[in-house]
Each structure stands twice: as C-alpha cells, then as structure tokens.
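A, B, ... follow the sequence lines: proteins, then strands. Residue 1 opens every chain. Computed from a predicted model, the values in this text were never measured in an experiment.
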There are 2 protein chains.
Amino acid sequence: MTTPRPAPATTLAFDDAMERVREGGGRITRARRVLLEDLYDVGGRITAEELAERHDDIDLATVYRSLAHFEEVGVVEHVHLGHGPAAYRWSGARTIAAVCDHCGAVTDIPADELDALAARLDDRYGLRLSLGHFALSVHCPACS
Amino acid sequence: MTTPRPAPATTLAFDDAMERVREGGGRITRARRVLLEDLYDVGGRITAEELAERHDDIDLATVYRSLAHFEEVGVVEHVHLGHGPAAYRWSGARTIAAVCDHCGAVTDIPADELDALAARLDDRYGLRLSLGHFALSVHCPACS
DNA sequence: TTCTTTGCAAAATGTTTGCAGATAC
DNA sequence: GTATCTGCAAACATTTTGCAAAGAA
C-alpha cells in the first residue's frame, strides 16, 4: 500500500504563535520558546509532566504556567482523556481524540466526522461544539 | 421492606439495582442502600463529595468505594465534566452532558442525537461510542 | 529600571489505600 | 463465624499558588 502523505498537522505556524504570545502581553522567555518549539515539533498530545521531564531545567510549575498562557492566546489547547493528566497539543489540528474506556487507547478521528452533529447542536440547542477541549469515549475494536 | 419510590427517567429499576449489587458479590450495607436510594432519587448527576455531604455519617472514602462497586455492576455511571470532580448518576438515562467550556453550564441532550455519529464511528473505525462516560464540550448560548 | 517570569516549596483538589474494628450474611 | 465493608488517617496524583530571586523589555 502507498503511504498517504500526512495532512498538514496544523494550520498555525510557529512564528505566528510566537507573535501571539508576545501580543498577549507576554514575554518571550527561554522556557517559553523551548516549550513552544517542543509542542510544535511533537505535533501530537503531550502532558505537562512529560514536557517537564524532557526539559529538566524547566520546572513543572513553569510548564503549567506557560501552557496556561499559551492557551489564553490560543496557540495550544488541552483535552481531558478521561482519567489521568490533561494532554496538550499545538492548536489547529483537525482531529479529535476518541479514548477507549477500557484500555485508554487514543484514536484520532478527523474533526469533520462531527460536522453534522455540530450543526445539529447549534440548530436545536444553540450549543457550539468545541472541538479542541473535547474527547469522545469509546470502546476500541480490541476491547469490544 | 421495599420503599416504593417514584420512578425517575431511567430504564433501571431500583430493586433491580439492589439485586445487581448483591449478585456482584457485594453486601447490602446501610451505606450502600442509602447511597443507592439517594442516587436514584436525585435522578441527575451528583459528585462524590456532594453525596458525602448529604450523609455525614458516611465517609467520603466509603462513598467512592460504593460508587466504584455500583459502577462495576452497572447501576451507576460517571462522567468527567471537564475540570473538577467526576459526576455520578443512575444508569440508563438516555441523555448525555454538554458542558460549556467557558461557564461550566451543563445541558443535557437526548442521546439519540448521537446515533448517526455512533453508527459512523463503528462503521469506519470500529469504535463503539460509549454514551455513559462521555461529555461534549460546547459553548453555551450565553457564552457564544 | 520596571514589570514579568522563574524555581522552589507548599498548598489545594480530587481520589485511592492501609488498617483495625464493625457489620452482613 | 468469617469474609466483606466501614471510618479514619495517610498517601497519592494532578494542578495551583506565594514568594524571593532572575530575566526580558
């Protein structure tokens, strides 16, 4: 089989993110630059603790504070995957997490699978589905 | 004796739940009976801490352990509403929670709004959508 | 210089566990 | 009688906060 070319992982460029961090009233410190680079490079989801482990000159509290600032200016988002710590990733990915209730496996599914639901919720209840902060709970094939 | 209780919107009868608790290898203790009655009567979602507050002769640890046992035998289910504590409710309700990212307001929507999505996820990814343990993240009308 | 951010330690929050005594069966 | 359940206290996991020193603008 041919390996499909990966879709662009994000619509948010690295330099734009830096710009937003600055515009949000924040300073570009070494810790923030390093964390932002790492989040960008990782592409997928990562916990605050994992980030701190990868940069043992950056305190976990600093990681949390940086992530909070990044979220405020919209360059990262976090999701709660059931139990355990929150998972952070670079903004703009067009997938949402489906977490297996049983084994915890995370499957990413294209966000547009939810377009119909989103339209309906908006229509009938005035609710705007928020794709970033949201995980689906499922049973994966292996656990079904 | 069995206290007759008005039936809330669930497909699981109170006596059946008691039976399941017993069949699951569990004993019917005073704490369990009281908690089960309260969960049944409340109908909606409630946190472990709220349950403990309503019954100050029952320790919070006992509440958690009882809830865990109730979940094992399928008479209650819990959902993570974003931040904060998990919320428990009697099994069998056919609604799912939509939590406002911004203000935390919870709107219950009929579970069948998700039937189409569930069918599609099963079809395309082999994932079985799990309605119990699952909250949608939204912006409510007031916060939009 | 001035205001923000950092590291460290401590607190806050939500949940789980160990243990000795109480209770259901 | 005996295995399970309970209360209490302590541990645990994740996240937040206070504060003095370091760093960005």
Could you tell me the separation between the [atom1] atom of [X] and the [atom2] atom of [N], rounded to a whole number of Å?
X: B/His69; N: C/dA24; atom1: NE2; atom2: C1'; answer: 13 Å
X: A/Glu23; N: D/dA24; atom1: CD; atom2: P; answer: 20 Å
X: A/Arg32; N: D/dG23; atom1: CZ; atom2: C1'; answer: 12 Å
X: A/His55; N: C/dG7; atom1: NE2; atom2: C1'; answer: 17 Å
X: A/His83; N: D/dC12; atom1: NE2; atom2: C1'; answer: 15 Å
X: B/Arg22; N: D/dT4; atom1: CZ; atom2: P; answer: 16 Å

Exercise. Starting at the 5' end of DNA chain D, which residue's closest nucleotide do you reach first, A/Ala61 or A/Glu49?
Worked result: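 Result of the comparison: A/Glu49.
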
So what does [X] touch, heavy atoms closer than 4.0 Å: a base, only the sugar-phosphate, or nothing?
X: A/Asp56; answer: nothing
X: A/Ala86; answer: sugar-phosphate
X: B/Ile58; answer: sugar-phosphate

Could you tabulate the donor-acceptor pairs under 3.5 Å formed by side-chain atoms of residues 17-27 of chain B, not counting sequence neighbours?
from    : atom 1 : to      : atom 2 : distance (Å)
B/Arg20 : NH1    : B/Val73 : O      : 3.3
B/Arg20 : NH1    : B/Gly74 : O      : 3.1

Check every atom of [options] against the side chain of [X] and return the nucleotide holding the closest atom.
X: B/Ile28; options: C/dC25, C/dT17, D/dG7; answer: C/dC25
X: A/Arg27; options: D/dC8, D/dG23, C/dT6; answer: D/dG23
X: B/Ala31; options: D/dT6, C/dG14, D/dT16; answer: D/dT6

For this session: Indicate the ring-plane relationship of B/Tyr88 and B/His78, choosing parallel, tilted or perpendicular according to the 30° and 60° boundaries.
Result: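 Rings of B/Tyr88 and B/His78: tilted, as their planes differ by 30° to 60°.
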
Exercise. So B/Trp90 and B/Phe14, would you call those rings parallel, tilted or perpendicular, with 30° and 60° as cut-offs?
Worked result: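 The arrangement is parallel - the two ring planes meet at less than 30°.
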
Problem set entry | Which residue lies more 5' along DNA chain C, comparing A/Gly26 with B/Gly84 via nearest heavy atoms |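 So the residue in question is A/Gly26.
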
Problem set entry | Pairwise 5' ranking along DNA chain C for B/Thr29 and A/Thr29, keeping only the more 5' one |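 The residue whose closest nucleotide sits nearer the 5' end is A/Thr29.
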
Exercise. Looking at B/Asp112, B/Leu129, B/Ile109, which hits side-chain contact (heavy atoms from CB on, under 4.5 Å) with B/Ile96?
Worked result: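 Going through the options one by one, the only one that passes is B/Ile109.
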
For this session: Tell whether A/Arg65 reaches the base of D/dG18 with its side chain through a donor-acceptor pair below 3.5 angstrom.
Result: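 Per atom types, the contact qualifies.
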
For this session: May I ask whether B/Leu131 and B/Tyr125 are part of the same hydrophobic cluster, defined by side-chain heavy atoms of I, L, V, M, F, W, Y residues being less than 4.5 angstrom apart, directly or through others?
Result: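 Same cluster: B/Leu131 reaches B/Tyr125 through Ile, Leu, Val, Met, Phe, Trp or Tyr contacts under 4.5 Å.
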
Exercise. Is any side-chain nitrogen or oxygen of A/Tyr64 closer than 4.0 Å to OP1 or OP2 of D/dT15?
Worked result: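 Looking at the OP1 and OP2 atoms of D/dT15, one of them is under 4.0 Å from a side-chain N or O of A/Tyr64.
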
Exercise. When rounded to the nearest 0.5 angstrom, what is the spacing between SG in B/Cys100 and CG in B/Leu81?
Worked result: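 Atom-to-atom, B/Cys100:SG and B/Leu81:CG are 12.5 Å apart.
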
For this session: Note down the inter-axis angle between the two ends of the helix from C/dT1-D/dA25 to C/dC25-D/dG1, five pairs each, to the nearest 10°.
Result: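 Computed angle between terminal axes is 30°.
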
For this session: Hey, could you give me each pair passing salt bridge (Lys or Arg N to Asp or Glu O under 4.0 Å) that has a residue in residues 70-83 of chain A? Not counting sequence neighbours.
Result: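 Qualifying pairs: A/Glu77-A/Arg89.
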
